[in-house]
Number of protein chains: 2
Amino acid sequence: MNGKVTTTRTKLERGRSALGPALELVHTGRAPTRAVLTSELGVTRATAGAVAAELEALGLIRVDSSPGSAAGSQGRPSHRLAVRESGPVAVAAQVHADGFRAALVGLGGRLVATAPGCTTITADPAQVIGEVVDDCARLLRDSGLRCVGAGLAVPSAVAEPEGTALNPLHIAWPAGAQVREIFATCVREAGIEGPAFTGNDVNLAALAEHRHGAGREAQHLLCVATGHRGVGGALVLDGRLHTGSSGLALEVGHLTVNPEGRPCHCGGRGCLDVETDPLAFLTAAGRTPGPEESLLKQSGDLLRNEYEDPAVRTAAEELIDRLGLGLAGLVNILNPDRIILGGLHRALLDADPERLRAVVADRSLWGRSGSVPILPCTLDHNSLVGAAELAWQPVLDDPLGALA
Amino acid sequence: MNGKVTTTRTKLERGRSALGPALELVHTGRAPTRAVLTSELGVTRATAGAVAAELEALGLIRVDSSPGSAAGSQGRPSHRLAVRESGPVAVAAQVHADGFRAALVGLGGRLVATAPGCTTITADPAQVIGEVVDDCARLLRDSGLRCVGAGLAVPSAVAEPEGTALNPLHIAWPAGAQVREIFATCVREAGIEGPAFTGNDVNLAALAEHRHGAGREAQHLLCVATGHRGVGGALVLDGRLHTGSSGLALEVGHLTVNPEGRPCHCGGRGCLDVETDPLAFLTAAGRTPGPEESLLKQSGDLLRNEYEDPAVRTAAEELIDRLGLGLAGLVNILNPDRIILGGLHRALLDADPERLRAVVADRSLWGRSGSVPILPCTLDHNSLVGAAELAWQPVLDDPLGALA
DNA sequence: GCAGTTTGTTTAGTTGCGGCACAAACTCAG
DNA sequence: CTGAGTTTGTGCCGCAACTAAACAAACTGC
């Protein structure tokens, strides 16, 4: 009986079924009071009250009973629901080309503590991840808070279900590094409680922006961002990250945006990847690119500080046109209701929002789908917050089970 | 109290929660017995039995208690669950460039009855839809079966939430025709019971293939198909059609697949739309294209019957290469776990499957995501069956509520 | 000060479903 | 042919999550 292969689904989840959805509403700031919870969950006031009480008993939320805490227009004022400040936290880590960073993130995407981090990384994934996890463990020890799990953001695609980093183009890691396994091992050895998760940084940034930033309430959120080199994409559908069947979706860098463009390592030419990244911008503006790990800052500074320079402006407009063409292609395929841009793309949007929106509307097939709002990302450390979201997810799905 | 704006969610669905999932399992042929139902739903045998009894009482399924109906390996044989032959049906209608068609479709995608249909259509949507709905009503009257609703497949994008046909390129309908409203009105006036739905034909074909055809069990199913002109796409995610935020997703025809290609009405050049459709094939093969509404047949016949002709073969290989490039682009963005091709693309796949698979694998970024299975569609009248799926959906979601 | 409105809580009643025991229908070994 | 083993189907009990309804509380406005 125990050697038997159990079948697909096994949902023995008893207990309050609305507990998870309720927590998610508080987590994303969409349920300020028990009254809202009642209507939003479609349950009776009795049930909503019981659910809130249970979440409070779990130490996750706080019911602010102080009088006048939520003065409404009429009738009895409702008590305010808020995430508990001294509640559990998720451990978040991020590795990128110019270093790593660690943080503790509470419910609601609240940054509880951050470590200054390191500004250079080595070619050994195990060493880098080990160091950042040590930072995490130190933060956690100092805070004295309970931990629900850990999340790591890496600047490469993460293959499912193996959890290997596939294209560490920007950092000198070996292809196929078992980042998930390495991270999970480090987390366990550091004595950090809870499960460990790993994801791509742009994906996690998108998730964070959807829950707590410029992507709130969007049903079909598309994010596009540059690092120092290349372009990354992410899609959040109905509140869940869409990573495709093996984690490799939204590899948007190889849409053709310039038929006469420069050749790309993918075999094509004029790809979004090589036409709209910081290196492309610096080259187009006639500047000498600095070291690899500072291209993003160099190009962003150039765009913000020297936009009056005709060469800079012309280069920016060229990139905006190319980016718009790429976004239009994505709009035709994904039909999002919001687009969020990060990195240099965000700076390009800030430089001339009208031009970018016009190109997207012009080059997407339907005017209406091309008029999708295009916004800059708004969250600090969004990849870190997104990494924490991974760790929070089991709690959001089943608070009782995860905190048992 | 009644003028009040009710809030978002209102789930007062009482009753058996597993009723819908259970029906869906039988509908898609994944639950042949109550024992399978038990494990698949993750409930006890008692509950699964009660659920099956309730579905039988609703007249939707049949429990075959005849001895030996499901001889297993060991233990007590289980009774077979099947859709009831004389159960309710959905009314399905399809309009395309070379005519229209009507059918009745039972659970499990079973074609109960079909009308021969018409081979030409007029420029007035209301007239065409009225005629095909009349055919539907006649079929339904003759059958004497109960009707759960109606679905219509049209060869154009359908904008949400208005239900307007946006690009009737292939049929001479006015842009922005209110096809959903027209269809719903016709259905009501014809005395056909239940709600009426309208969708794009390629989307509905994909849905049908996912439920009953070559797309079974796929989590991320991508479909690409040609009509007479242009290319359509569809994506089924976790069993649900992904139509984007306003119904305009998967407009895949304007991926660039040939930088030096012919200009496209979208403003670009070398788009999938103009490089891989039947007209492109006939032109490349040096044949004179016949009338618009027979391009698909003409090109398919040419490909199947004259593949030995060097000009035909060369043209086919060129189209396969372009199609492969387009599919690779989609693979990079969507990372599907299965691809299904229809129309001329299906014929191209049949002609040289190895070449197509090789191109996709070569031009997609990750070998592993490029090795996705590419299959021909297998279902007859898949758009019709898909249209019926729309009408069945409310029943699958909540059998008790929909058949109350 | 009282009516009106909205929120929170208590109580009782309903019901879906897990757990369990038992019956039923088959295979296989001897 | 018989009995042990295995899997499926069903009846019964009890838990607990939920709704419904009544009541209490806290505000506004006249």
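So you know, we letter chains A, B, ... as the sequences are listed, proteins then strands, and number each from 1.
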- Message: Without decimals, in angstroms, what is the distance between B:Arg80 CZ and C:dA25 C1'?
- Response: 16 Å
- Query: Whole Å only: how far is the CG atom of A:Leu41 from the C1' atom of D:dC18?
  - Reply: 13 Å
- Taking for each residue the nucleotide of DNA chain D bearing the nearest heavy atom, is the 5' side occupied by A:Thr47 or by A:Gly75? A:Thr47
- Could one point to a donor on the side chain of B:Arg76 or the base of D:dT8 with an acceptor on the other under 3.5 Å away? yes
- Message: Regarding D:dG9, can its base be found pairing with the side chain of B:Arg45 as donor and acceptor, where the two atoms are less than 3.5 Å apart?
- Response: yes
- Query: NA contact type, B:Ala46, heavy-atom cut-off 4.0 Å: base, sugar-phosphate, or nothing?
  - Reply: base
- Task: Select one nucleotide: of D:dT28, D:dT8, C:dT9, the one nearest the side-chain heavy atoms of A:Arg34.
- Result: C:dT9
- Starting from C1' on C:dT9, measure out to CD on A:Glu56 and report it in whole angstrom. 15 Å
- Query: Just how far, in rounded Å, is P of D:dA26 from CG of A:Asp64?
  - Reply: 15 Å
- Task: Specify the separation, in whole Å, of atom CG of A:Leu37 and atom C1' of D:dC18.
- Result: 15 Å
- Query: Taking the side chain from B:Glu56 and the backbone from B:Ile61, do they hold a donor-acceptor pair closer than 3.5 Å?
  - Reply: no
- Would you mind telling me which of D:dT7, C:dA25, C:dT7 lies closest to the side-chain atoms of A:Ala35? C:dT7
- Query: Looking at side-chain heavy atoms only, is the closest gap between A:His79 and A:Arg62 below 4.5 Å?
  - Reply: no
- Spacing between B:Gln74 atom CD and C:dA29 atom P, to the nearest angstrom: 9 Å
- Message: Any side-chain to backbone donor/acceptor pair from A:His220 onto A:Val236? Under 3.5 Å, distance only.
- Response: no
- Taking the side chain of B:Thr44 as its heavy atoms from C-beta onward, which of C:dT27, D:dG9, C:dG18 lies nearest to it? C:dG18
- Note on the structure: A:Leu81 CG to C:dT7 P, in whole Å, measures 12 Å
- Task: Classify the ring geometry between A:His27 and A:Trp392 as parallel (under 30°), tilted (30 to 60°) or perpendicular (over 60°).
- Result: tilted
- Task: Scan side-chain atoms only and decide if B:Asp337 and B:Gln219 contain a donor-acceptor pair under the 3.5 Å cut-off.
- Result: no
- Among C:dG18, C:dA25, C:dC17, which is the nearest nucleotide to the side chain of B:Arg16? C:dC17
- Message: From the set D:dT19, C:dA25, D:dG9, return the single nucleotide nearest to any side-chain atom of A:Val43.
- Response: D:dT19
